[in-house]
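All heavy atoms count here, side chains included; hydrogens, waters and symmetry mates do not. Letters A, B, ... mirror the listed sequences (proteins, then strands); counts begin at 1. As the structure is a computational prediction, the values presented were derived from the model and not from experiment.
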Amino acid sequence: MALRLFNTMSSQIEEFRPLRDQEVRMYACGPTVYDYGHVGNFRTFVAVDLLRRFFRQSGYAVRHVMNITDVDDKIIRNAASDGVSVQQYTAKYEKAFLEDAAMIGIEEPMLVRATEHIPEMAVFVSKLVEKGFAYRSDDGSYYFRIAKFPQYGKLSKKDFSGMLDGARVDVDEYDKDSARDFALWKAPKPGEASWDTPIGPGRPGWHLECSVMSMEELGETFDLHAGGEDLVFPHHENEIAQSESLTGKPFARFWFHARFLLVEGEKMSKSLGNFFTLRDLVLKGHKPSSIRYLLTSVPYRSQLNFTFDGLKQAAVSVERLRNFRLRLSAGNFSPGATSQMQALAEQSVERMTGALDDDLNTAQAQAAIFEMVRQANAAFDTGGIKQDDVPPLLSALTKFDEIFAVLDDDDVPKMERVLDWAVSEGREKDISDELRAALQSGQLSDADIEKKIAEMQAARAARDFKASDAIRAELAEAGILVEITKDGIRWRRK
RNA sequence: GGCGCGGUACCCAAGUGGUAAGGGAGAGGUCUGCAAAACCUUUAUGCGUCGGUUCGAUUCCGACCCGCGCCUCCA
């Protein structure tokens, strides 16, 4: 079975096939680095990451390019009010973005920056002017003439045919031929950051960078272009218009858009007080793995309701999967294999892959792995797992984690970094007791813990349960959970 | 107003023209010195409302109610 993906262009689920065998070329619209990324941003980026990972698991080499928008009106304004250069300003937030992305398991794509492609953008604009698709206004700005691109609106399913002539013209935009024409190049206003180029001084319009950089890295026609649903119009529509006008060829073949999320049932907004950056959530004590799990638990085209209750539920779910893996890796099994477990592992992988093939149905993929965990756990309890059953079961789990990336327990060091950052930013007051408690377990070294466990073992051998329980309580206090199993004492950091 | 998406148990949420995945939470139980983990049982004759099509609809059609998105460089 092959991957079937919803294509915004056709509004249908289509079978995905890259243009070149075995290689997927994809471009994702990245962040405008003017602030810390919020959960909404990361829902989209995580969805794209999942897609990229699944492409790779499906056997494709993936060339994944993402832009960093490091110049726009907001950046220029904020940098000016902070009294720093645009470069200084964006460097800080780009770094923060990349740290955050890594924190929730996003594999780093090839990064391209708008400010590093100014000359190419100027060339792009001048070619559009030559071909008659763009024009220069009196102030030195350049606009794309959408009347020259009859297919304008094909992605967002908008009909502009009736609005092109005689459309109302905003007073501010008197120099555009049509109100719908969009800026390719903006002439500088006094004091604004600007670049000197053959087409005159100024800075790129927002859409230009994506066309220029995607085609430069991936070719004039590539396989897939991704972003948040808000980008369908005008951003991606404009990219198509300017790119296809220039090349005369189809731009991206698949358009992948992630739906916005709700926070506590409402649209996220600063005024509602439900606006959270990734760092805010970690400061409240939530694990990066919980956040990633919650973000992936609802298929990318559905509206996800991101709640704190959901975050807690996600943490427990991840815990369950991690426990299962621990159980398998640490257990003692008798030699041999069972047809039941062999079949279970195989079927689970099939179900999981089948679900992801179906337009990335992550909810069903998760259901498949949990079904396996339940059945295997039940078998475990009755000795129904043999030595040779363990590798296929673990491998199914690994296959799951190649996509979802939540099983490795590296939450504590990641959270520590956020705590350090908060301290360095003078935001100690935002560090919750929950976060401090979650980091407790990082205080003791493995050796310290092992020593305590050995003491516990000795006490238990002497049937001194009181002493043993005291040690267990002490460790629990330090964030270490001790479990006594038939295979010995096991511990883990909470 | 134009275009589009959705309303499934206490919460999150998948899904199908033939009688409701999975996770969390709750309750009861098994195991255990006690915990933890795990397992078992249990929690929607019901899938926004009202009609229609059909042998049969949660799934198709229509109307209505509610929520959400894009149409203003917000992922």
Would you indicate what [X] reaches in the nucleic acid, counting non-hydrogen atoms under 4.0 angstrom: base, sugar-phosphate, or nothing?
{"X": "A/Ile484", "result": "base"}
{"X": "A/Lys74", "result": "sugar-phosphate"}
{"X": "A/Phe260", "result": "base"}
{"X": "A/Val39", "result": "nothing"}
{"X": "A/Val232", "result": "nothing"}
{"X": "A/Pro31", "result": "nothing"}
{"X": "A/Ser302", "result": "sugar-phosphate"}
{"X": "A/His38", "result": "base"}
{"X": "A/Arg374", "result": "sugar-phosphate"}
{"X": "A/Leu261", "result": "base"}
{"X": "A/Arg322", "result": "nothing"}

Parallel, tilted or perpendicular: which one describes the rings of [X] and [Y], with boundaries at 30° and 60°?
{"X": "A/Phe333", "Y": "A/Phe380", "answer": "perpendicular"}
{"X": "A/Phe42", "Y": "A/Phe45", "answer": "perpendicular"}
{"X": "A/Tyr300", "Y": "A/Phe256", "answer": "parallel"}

query: When you measure from the side chain of A/Asn67 to the backbone N and O of A/Leu111, does any donor-acceptor pair fall under 3.5 Å?
result: no

statement: Listed range with range, the stems formed with RNA chain B by at least 3 consecutive Watson-Crick or G-U pairs (under 3.5 Å) are B:1-7 with B:65-71, B:10-12 with B:22-24, B:25-30 with B:38-43, B:48-52 with B:60-64

field: A/Glu99 with A/Arg279: basic N within carboxylate O range, under 4.0 Å
entry: yes

- prompt: Below 4.0 angstrom, N of the basic side chain to O of the carboxylate: do A/Lys284 and A/Glu434 qualify?
  reply: no

So if I take every side-chain heavy atom of [X] and compare against [options], which nucleotide ends up nearest?
{"X": "A/Arg320", "options": "B/rC74, B/rG23, B/rA37", "result": "B/rG23"}
{"X": "A/Asp381", "options": "B/rC39, B/rG33, B/rC11", "result": "B/rC39"}
{"X": "A/Phe233", "options": "B/rA13, B/rG22, B/rC71", "result": "B/rC71"}
{"X": "A/Asn323", "options": "B/rA13, B/rA37, B/rG24", "result": "B/rA37"}
{"X": "A/Ser317", "options": "B/rC74, B/rG23, B/rG69", "result": "B/rG23"}
{"X": "A/Asp230", "options": "B/rC3, B/rC11, B/rC74", "result": "B/rC74"}

- request: Find out whether the Lys NZ or Arg CZ of A/Lys267 is both under 6.0 angstrom from the six-membered ring centre of A/Phe260 and within 45° of the ring's axis.
  value: no

I'd like to know if [X] reaches the base of [N] with its side chain, counting only an N/O donor and acceptor under 3.5 Å.
{"X": "A/Arg472", "N": "B/rC34", "result": "yes"}
{"X": "A/Asp469", "N": "B/rG33", "result": "yes"}
{"X": "A/Arg460", "N": "B/rG33", "result": "yes"}

In whole angstrom, what separates [X]'s [atom1] from [N]'s [atom2]?
{"X": "A/Arg493", "N": "B/rA36", "atom1": "CZ", "atom2": "C1'", "value": "18 Å"}
{"X": "A/Glu371", "N": "B/rA13", "atom1": "CD", "atom2": "C1'", "value": "16 Å"}
{"X": "A/Leu278", "N": "B/rA75", "atom1": "CG", "atom2": "C1'", "value": "13 Å"}

message: Is there aromatic stacking of A/Phe465 on B/rG33 here, judged by a ring-centre distance under 5.5 Å and a plane angle under 30°?
response: yes

message: Looking at B/rA75 and A/Phe45: do their rings stack (centroid distance under 5.5 Å, interplanar angle under 30°)?
response: no

- prompt: Between A/Phe308, A/Tyr36, A/Phe306, which is the residue that forms a side chain to side chain contact (heavy atoms under 4.5 Å, CB included) with A/Phe276?
  reply: A/Phe308

query: So do the side chains of A/Phe144 and A/Asp181 get within less than 4.5 Å of each other, counting heavy atoms only?
result: no

[N] phosphate, OP1 or OP2: any side-chain N/O from [X] under 4.0 angstrom?
{"X": "A/Lys267", "N": "B/rA75", "answer": "no"}
{"X": "A/Lys158", "N": "B/rC70", "answer": "no"}
{"X": "A/Asn361", "N": "B/rG15", "answer": "yes"}

